[in-house]
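Contents: one structure, followed by commentary.
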Amino acid sequence: MDTVYLDNNATTKVDPKVFEAMIPYFCENYGNPSSIYESAHVSHCAVEKSRETICEFYSASSPKEIIFTSCGTESANLAIRGTLHNTSKKHIITTKVEHPCVLNTYKDLEEMGYKADYIGVDENGELNLDELKSLVNQDTALVSIMAANNETGAIYPYEEAAEIVKSINPETKVFVDAVQAAGKIKLDVKNTKVDFMGISGHKFHAPKGIGAIYIKEGTNIAPVLTGGHQERALRAGTENVPYIVGLAKAAELAMNYLPYESTNVKALRDKLENGILSTVKNAKLNSRTKNRVPNTTNIGFEYVEGELILLHLDELGICASSGSACTSGSLEPSHVLRAMKTPFTSLHGSIRFSLSRFNTEDEIDYVLKNIPELMKKLAKISPFQKELSQILEI
Ligand code: PLP
């Protein structure tokens, strides 16, 4: 069996159709979209056509609401810093389970004198909207809430959150990080009170290095990158035409594949999840919420170190990921699982499996065949050998 790639929330394979659509914009139609000759006009048209496709992908009202960026991180920074640049309000809110592109930006802003509040989640990773309600006030400039969590796949009720925020303070801006929702569930921004929504191409089969942000028409925001007048002067720098074309092609494919994601990809994810939970006795599902993107499962393996599981999975040709980040030589457990108060016994052994439309049933069968044996093998070298042997009955 070739590599079984189950780390699609980290990044995805570029769809060959996306790559094919990009090719003419490297060596043939390479003109700068701002120039006036014919070949530049071709580039300009390609960018504007792509903007229309991304507008449709978001279900936005107008292509004018779409700005191309380099990635999800840049989209988040533009929404957050761009909003605060134009207001004297000093209070900002987000959740404890955001991606570092939001959390570290908030941390930076706290150092600059902003007051930040972080909303918690329950043991299934569900957001506490009552807490949000109690925190919004007349000094709140911005609320950032992700659409789907990258580690657990939990879908957050950002539409409802935006309603709550605006009912208390209509001037407060709402940013939604939809990087892990795009291509997995339908985006319908027009029917919400959301002001900004960020996406990133490499999470749905476009290349790395291209993203976009929806900015509701009429929203007051300053650029983070200053320079030329590209992207309505909100994102200076010559447009990355081939990658913009690739993003649009990936979005077009993703829209067509949405029913496949919610049936076939979900069926494979459920088979993997149920298969592991029924055959591996130390496996526990993190985030039991029904409201999850169809491709993600996060499973805690009690009394085993996550990095060790990953290394052994790698030997079997299986790519997955753990929530742990190696910080200054120590293994730091995932901030998302900690916020969910995941028990200590499985916190360090939690593995995220994230699928895509390129996965097959044979691949899932291969993983299911190998994981029970792997756990028995790891039990023998675990410092918790006694506890594990009892649970695994070996
Ligand atoms: N937001 C979420 C939820 C993510 O999962 C990621 C990447 O993992 C990002 C933002 C950052 O996206 P990018 O890598 O395009 O900057």
Taking His202's backbone N and O only, do any of them form a donor-acceptor pair with Thr12's side chain (distance below 3.5 Å, no angle check)? yes
Not counting sequence neighbours, which residues clear salt bridge (charged side-chain N to carboxylate O under 4.0 Å, His left out) with Lys193? List them please. Glu163
Aromatic Phe358 / basic Lys13 pairing, under 6.0 angstrom, 45° off normal: yes
Applying the side-chain contact (heavy atoms from CB on, under 4.5 Å) criterion to Tyr25, which one of Ile244, Val245, Asn240 satisfies it? Val245
Any residue meeting salt bridge (charged side-chain N to carboxylate O under 4.0 Å, His left out) with Arg338, in chain and number order, not counting sequence neighbours: Glu332
Does this structure show an ion pair linking Glu74 with Arg81, if we count only N-O contacts that are shorter than 4.0 Å? no
Any pair with a residue in residues 264-319 that passes ring-ring contact (aromatic ring centres under 6.0 Å, His included), sequence neighbours left out, goes on the list, sorted by first then second residue, please. Tyr303-Phe384
Test Leu103 against every option in Thr95, Asp108, Thr94 by the side-chain contact (heavy atoms from CB on, under 4.5 Å) rule and name the one that passes. Thr94
Residues 246-260, side-chain donor-acceptor partners within the protein, below 3.5 Å, at least two apart:
unit_1	atom_1	unit_2	atom_2	d
Lys249	NZ	Glu252	OE2	3.2

Does the side chain of Thr172 pick up a donor-acceptor pair with the side chain of Thr140 at under 3.5 Å? no
Nearest non-hydrogen partners of Ala10 and Lys203, listed with the distance: O-NZ, 2.8 Å
Using a strict 4.0 Å threshold on nitrogen-to-oxygen distance, state whether Lys266 and Asp270 make a salt bridge. yes
How would you list, by chain and number, every residue that makes a salt bridge (charged side-chain N to carboxylate O under 4.0 Å, His left out) with Glu56, sequence neighbours excluded? none
Apart from Tyr37 itself, which Ile, Leu, Val, Met, Phe, Trp or Tyr residues share its cluster (side-chain heavy atoms under 4.5 Å, direct or through members)? none
Are any of the side-chain heavy atoms of Asn298 and Ile351 separated by less than 4.5 Å? no
Using a strict 4.0 Å threshold on nitrogen-to-oxygen distance, state whether Arg51 and Glu48 make a salt bridge. yes
Salt bridge between Glu65 and Lys216, side-chain N to carboxylate O under 4.0 Å? no
Residues at least two apart in sequence or cross-chain that pass salt bridge (charged side-chain N to carboxylate O under 4.0 Å, His left out) with Lys64, listed by chain then number, are Glu217
Hey, is Asp365 close enough to Lys271 for a salt bridge, meaning N to O under 4.0 Å? yes
Do Asn359 and Ser356 have side-chain heavy atoms sitting under 4.5 Å apart? yes
Residue pairs meeting ring-ring contact (aromatic ring centres under 6.0 Å, His included), one or both in residues 82-110, sequence neighbours left out, come to none
Any ion pair linking Lys115 and Asp117 (charged N to carboxylate O, less than 4.0 Å)? yes
Any pair counted as ring-ring contact (aromatic ring centres under 6.0 Å, His included), so long as it reaches residues 130-163, sequence neighbours left out: none
Residues clustering with Val293 (ILVMFWY side chains joined when closer than 4.5 Å, directly or via others): Ile155, Ile185
side-chain contact (heavy atoms from CB on, under 4.5 Å) with Ala141: which residues, sequence neighbours excluded? Leu84, Thr87, Lys89
Is it the case that the ring center of Tyr214 lies less than 6.0 angstrom away from the ring center of Phe175? no
Could you work out, with side-chain contact (heavy atoms from CB on, under 4.5 Å) as the rule, every residue matching Lys49, not counting sequence neighbours? none
Would Glu171 and Lys166 pass as an ion pair if we require N to O under 4.0 Å? no
Tightest non-hydrogen contact, residues Glu239 and Ser34, listed as OE1-OG, 4.4 Å
Taking C-beta and beyond as the side chain, do Val241 and Pro33 meet within less than 4.5 Å on heavy atoms? yes
Ala283 and Ile276: which non-hydrogen atoms are nearest, and at how many Å? CB-CG2, 3.9 Å
Within the structure provided, determine whether Glu273 and Leu285 are in side-chain contact (heavy-atom separation under 4.5 Å). yes
